[in-house]
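Everything below concerns the one structure shown next.
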Amino acid sequence: MKLGTRRSLMATTQSQMIADLYTAKTGREIELVGITTFGDVTKAQLSQLGGTGVFVSALRDKLVEGEIDFAVHSLKDLPTKQDPRFTLAALPERHDVRDALVGRTKFADLAPGAKVGTGSPRRIAMLRALRQDLDYVPIRGNADTRIGKVTSGELDAVVLAAAGLTRIGRQGEISQIFEVEELLPAPGQGALAVECLSTRSDLVDFLSVLDDPRTRSAVTAERAVLSALEAGCSAPVGAFALDDGHTLNLTAVVVSLDGREAVRKSAAGSPSEAMELGRDLAAAMIADGADRLMGEQSH
Ligand SMILES: NCc1[nH]cc(CCC(=O)O)c1CC(=O)O
């Protein structure tokens, strides 16, 4: 069995984690196949690429061509619009959902005017809501490149997903983890998705041993919010859900890019109705003006 992976350290690490988990559960060996994607080579700002899924499409092409059997994606990079050719055969147990600050001080201790790097409109909007007096600098590149801008002194801090930092062994450089109450993560953040062709029912069955039902319900609700808001991965939308085994609790927010306005709502429901919970919460947010706040970020 061949598992296609992007070649970055983060991607190969998370693909290897899934391969090891699979081998531990089934005794079957997995071969990793490295693939270069457009998202890895472009210098453009992610938010200017005009669409989601830049990291995803090259892996999907290899699935269609039959070069690989399945692929592991960071769920938050997957477009919410379902492509019927592919099936999310497994959503394994989620890692840390939170965002982290990499810098020499905590966020509250940064001097006014300090340069904070992040390429994500969601993070910029939410960080502005916390502190208007900092200079938010759009950056991209892999985590290593971003952290390097702090080490070199070009930036005072950068904000990255804690899960990604941990996967590449850089958790020691985190100066603060933002609690979800102050910085709501991106829908699906910290979760990995195992995808294969829908026609490969043999694989869908095999891979389902990796699925974690509580992760699946939580991220289903979060992604339903994003989908119903008709927002993409570059929109200033945060969502976080937790399934305690009985109840699914969901919170979502849309923040204006200047950080001055937000529509934030929570709801609880049955994990078996995760999709409806997310969709209904998004409808309530739109009724409160969420779509107006997203402005031209929505697509
Ligand atoms: N957009 C890139 C991306 N996709 C997934 C992660 C982090 C790991 C995850 O959420 O699973 C990252 C980097 C980051 O946001 O810092």
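Numbering of ligands and ligand atoms starts at 1, following listing order.
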ask   = So with a 6.0 Å cut-off around CD of Gln82, is the heavy-atom count from everything else above 12?
value = no
request  = Could you tell me whether some N/O pair between Leu192 and ligand 1 is separated by less than 3.5 angstrom?
outcome  = no
Identity of the nearest option to atom 7 (C) of ligand 1, non-hydrogen atoms only, from Ser120, Ala11, Ala161, Ala191 = Ala161
query = Passes side chain to side chain donor-acceptor pair (under 3.5 Å), Ser208 versus Asp205? Steps please.
reply = CA-CA 5 Å; Ser208 66; Asp205 287 347; 5.4 Å; no
key: Electrostatic pair Asp212:Arg94 at N-O distance under 4.0 angstrom   = no
request  = For Ser74, counting its heavy atoms only, list the atoms of ligand 1 lying under 4.0 Å from any of them.
outcome  = 4 (N), 5 (C), 11 (O)
ask   = Does the pair Arg131/Asp133 count as a salt bridge with the N-to-O cut at 4.0 Å?
value = yes
Asp77 and ligand 1 - part of the residue with a heavy-atom distance under 4.0 Å = side chain
task = May I ask you to list the atoms of ligand 1 that are less than 4.0 angstrom from any heavy atom of Gly190?
result = 9 (C), 10 (O), 11 (O)
ask   = Any heavy atom of Arg123 sitting closer than 4.0 Å to ligand 1?
value = yes
ask   = Is Arg167 near ligand 1, meaning one of its heavy atoms is under 4.0 Å from it?
value = yes
query = Which ligand 1 atoms are under 4.0 Å away from a heavy-atom of Leu160?
reply = 16 (O)
task = Can you tell me which residue pairs pass the ring-ring contact (aromatic ring centres under 6.0 Å, His included) test with a partner in residues 161-182, sequence neighbours excluded?
result = Phe107-Phe178
task = Return yes if some donor-acceptor pair links the side-chain N/O of Arg223 with the main-chain N/O of Lys81 below 3.5 Å, else return no.
result = no
inquiry  = A quick test of your reading: do over 12 heavy atoms of other residues, nucleotides or ligands sit less than 6.0 Å from CD of Glu182?
reply    = yes
request  = Enumerate the atoms of ligand 1 whose separation from the nearest heavy atom of Gln189 is less than 4.0 angstrom.
outcome  = 10 (O)
